[in-house]
Amino acid sequence: MTSLFALVDCNNFYASCERVFNPSLEGKPVVVLSNNDGCVIARSGEAKALGIGMGTPYFELRDLIKREGVAVFSSNYELYGDMSARVVETLSQFSPHVEVYSIDESFLDLGDFYKVDLQAYAREIRQTVRQWLGMPVAVGVAPTKTLAKVANRIAKKSPKADGVLVLTDERHIEAALRRTGAGDVWGIGHRYARKLAGYGVHTAWDLRNVTDAFAKKHLTVVGLRTVRELRGEPCIDLELVPPAKQNICTSRSFGEAVTELDEVAEALATHVVRCATKLRKQGSKATAMTVFLMTSRFAGEGECYSNSRTLTFDAPTDSEPELIGKALKALRQIFRPGFRYRKTGVLLLDLVPANSMQLSLLDTVDREKHALLMHTLDTLRERYGHYAVKYAAQGTGEGSWQLRQENLSPCYTTRLEGLIRAR
DNA sequence: TCTGGGGTCCTAGGACCC
DNA sequence: TCTGGGGTCCTAGGACCC
C-alpha cells in the first residue's frame, strides 16, 4: 500500500467543549442547542443514552431535561472555534500534513508510516489530545480517507476498539465493511441508502462489490469514487489549503417572529456586515448578491411567504455601506406586510479575488475611501469584538429578531470574563 | 407557542450559436 | 420553408457533508 490516512474526530465535540471548562459535568448528560436554542445539535454519551436524538426540538425535551438533570447550553461558536484550533495545533505534532475537514475532524497524512507501530501511534495521538486539552477523540487509520472514516466510526462505537482502529489488513477491512451499513459510508446519504437497498446493497461490503458501471449510473461519478475508496484505491486527496469559497452566506432565524420591515432590515443589515467580513477575510469581492426573507416552514396555509431577489453589481465589491444599501433596497421589494417572518439572510455570489479589480465606467463608488473604511473597521472589530462598531441600520441590539441564547457559557479561552471564570 | 446554519459538487435540460 | 449535428453556457434541482 502506498497511502495512509488517519481521521481524528472529537467525540461529541460541542458537548465536550462545554465539559472541558466545567468538570462537574463529567459523567452527566449534556446537550448543546442550535442557534435560537431551537433544537439539539450535540449530545454527550449520557444524553444519547437517555434517547435524546440529534435535531430534536428543545421544546419537546423540556420535561425529560428537567427530570434527568440534563445540562443545557446554547451554542457558543467562539469557544468551539478556539478549541478546534487548539486540537489542530496538537495534531500537527503528529503529521506534517493535516487537513482540517470540519470544526471537529481532521485528516492526517501518515504517508509512509507503515514501518511504525500504527496502533501505538494512533493511541498516542488520542492520549495526547486528551491530556493536553481534555478533549476525547477517536482515531481511525486506513489507506483511503473513506476507509479511515469507517475505521473512525467503529473506533468510536466499539468498546473493544477503545477509541482507536487501524484498518490496513484486508481481512480486517472486510470485517469492518460487513458491519457497516451502506448508509453509514461517507458520501452515502439517506436517499442513496434507500435507493441502494432497493438493489440489495445493504452493507459497505455490498457497496464495495458493486460494478463501476452500477456505481456511476446510480450514484454519479462522486459515488464511484466512494466505491473505489472502499476498495482501498485512494481517489480523494488531502486538501491542505482550503479552496476559496465560491459563495458566502449569512442567515439566522429570528429570536421571535417579526412583522415589521424595520426590524427585518436591522437583522438583514447585521447579516450583510457579517457576510462581508467573511468575504474580506478570504480576500474576495462579490459580483452578485441574493437577499431572502421567509416565514416559518411550519406556518399554516396562507401564512407562508418566502421570496428572494438577486442583483448583480457593475463592479465587484466588499464594501459594507454599498452592500447594505443594495440589500435593503432588495428587501423592500420583496417584503410584504401581514406575515410573521422567521428568517432573513444574504448570499454573496460570483466571488472574485479582491486584487483582480477591473474598473467599470459605470462605477460611481469611491473605491479607495471604502477600502480604507473597511480596513479600519476590520481592525477595530478584531481588537474589540465584532459588535464594537455598528451601522445605524443594524439597530440598537434590542430588536426581537436577536438570537435567543438563554444558556450561553462564557468564552473561556478568548474573553477576559471567560478567562477569569475558567481559573 | 417553540423545529439550525453554511457549504460543495454533479447532472439534466433549455437557450443559443454556427 | 425545412432539415441536421454539434458545441457552449447557464440554471434549477438533487445529492451530499458537518
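Order of the sequence lines sets the chain letters (A, B, ...), proteins ahead of strands, with each chain counted from 1. What you see is a predicted model, and the numbers here were worked out from it, not measured in a lab. Computation of the quantities below employed the complete heavy-atom set of this structure, encompassing side-chain atoms and omitting hydrogens, waters and symmetry-equivalent molecules.
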Review point. Base, sugar-phosphate alone, or nothing: which one does A/Ile248 contact when heavy atoms must sit under 4.0 Å apart?
Key: sugar-phosphate
Point to revise | Between B/dC2 (C1') and A/Asp63 (CG): distance, integer Å | key: 13 Å
Exercise for review: Give the minimum heavy-atom separation between A/Ser251 and A/Gly345, together with the two atoms involved.
Suggested key: CB-CA, 3.6 Å
Practice item. Looking at every strand, decide which applies to A/Tyr101 at a 4.0 Å heavy-atom threshold: base, sugar-phosphate, or nothing. Key: sugar-phosphate
Review point. What does nucleotides 7-13 of chain C look like as a protein-contact string, B for base, S for sugar-phosphate only, - for none, at under 4.0 angstrom between heavy atoms?
Key: -------
Exercise for review: Starting from P on B/dG4, measure out to OH on A/Tyr80 and report it in whole angstrom.
Suggested key: 17 Å
**Study point:** Output field: ring centroids A/Trp186/A/Phe107 closer than 6.0 Å
**Key:** yes
Exercise for review: When you get a sec, tell me which of B/dG4, B/dG5, C/dC18 is the closest nucleotide to the side chain of A/Ser34?
Suggested key: B/dG4
Revision key, fill the gap. CG (A/Leu224) and CG (A/Leu219) are apart, to the nearest 0.5 Å, by 8.5 Å
Revision key, fill the gap. Heavy-atom closest pair (A/Ala176 atom, A/Val150 atom, distance to 0.1 Å) is CB-CG1, 4.3 Å
Review point. Taking the six-membered ring for Trp, are A/Tyr121 and A/Phe94 ring centroids under 6.0 Å apart?
Key: yes
Check your understanding: Does a salt bridge link A/Arg225 with A/Glu229, judged by any charged N lying under 4.0 Å from a carboxylate O?
Key -> no
Check your understanding: Taking for each residue the nucleotide of DNA chain B bearing the nearest heavy atom, is the 5' side occupied by A/Arg340 or by A/Ser251?
Key -> A/Arg340
Check your understanding: Using the ring of each side chain (for Trp, its six-membered ring), is A/Tyr305 parallel, tilted or perpendicular to A/Phe339, with breaks at 30° and 60°?
Key -> parallel
Exercise for review: Write down the distance between OH (A/Tyr14) and P (B/dG5), rounded to a whole number of angstrom.
Suggested key: 13 Å
Review point. Atom CG of A/Leu64 to atom P of B/dC2: distance rounded to whole Å?
Key: 22 Å
Practice item. Round to a whole Å and report the spacing from CD1 of A/Ile188 to P of C/dG14. Key: 19 Å
Review point. Base, sugar-phosphate, or nothing for A/Thr250, non-hydrogen atoms under 4.0 angstrom?
Key: sugar-phosphate
Check your understanding: Looking at the side chain of A/Tyr192, which of C/dC18, C/dA15, B/dT3 is the nearest nucleotide?
Key -> C/dA15
Review point. Separation of A/His190 atom NE2 from C/dC18 atom P, in whole Å?
Key: 14 Å
Check your understanding: What is the nucleic acid contact for A/Lys216, judged by heavy atoms within less than 4.0 Å: base, sugar-phosphate only, or nothing?
Key -> nothing
Check your understanding: For A/Lys343, which contact category applies under a 4.0 Å heavy-atom criterion: base, sugar-phosphate, or nothing?
Key -> sugar-phosphate
Practice item. Kindly point out which of C/dC17, B/dC2, B/dG6 is positioned nearest to the side chain of A/Phe59? Key: B/dC2
Point to revise | A/Tyr58 six-ring centre to A/Arg62 NZ/CZ under 6.0 Å and within 45° of normal | key: yes
Study note, to complete from the structure: Walking DNA chain B from its 5' end, the first of A/Ile41 and A/Arg225 to be reached, judged by nearest nucleotide, is A/Ile41
Review point. What does A/Val185 touch in the nucleic acid at a heavy-atom separation under 4.0 angstrom: a base, only the sugar-phosphate, or nothing?
Key: sugar-phosphate
Check your understanding: Out of B/dC2, B/dG6, B/dG4, which nucleotide sits closest to the side chain of A/Cys249?
Key -> B/dG6
**Study point:** Distance, rounded to the nearest Å, where A/His218 contributes NE2 and C/dA15 contributes P
**Key:** 14 Å
Review point. Using atom C1' of each nucleotide, how far apart are B/dG4 and C/dC17 to the nearest Å?
Key: 15 Å
Check your understanding: Contact class for A/Asp37 vs. all strands (heavy atom < 4.0 Å): base, sugar-phosphate, or nothing?
Key -> nothing
Study note, to complete from the structure: Taking C/dA15, B/dG6, C/dC17 as options, the one with an atom nearest any side-chain atom of A/Arg252 is B/dG6
Check your understanding: Looking at the side chain of A/Lys149, which of C/dC18, B/dG6, B/dG4 is the nearest nucleotide?
Key -> C/dC18
**Study point:** Spacing of A/Leu196 atom CG relative to C/dC16 atom P, expressed in whole Å
**Key:** 9 Å
Review point. Across the strands shown, which category fits A/Asn247 at heavy-atom distances under 4.0 angstrom: base, sugar-phosphate, nothing?
Key: sugar-phosphate
Exercise for review: Locate the shortest heavy-atom distance separating A/Ala276 from A/Glu320; write the atom from each residue and the value.
Suggested key: CB-CG, 3.8 Å
Review point. Below 4.0 angstrom from OP1 or OP2 of B/dT3, is there any side-chain N or O of A/Arg342?
Key: yes
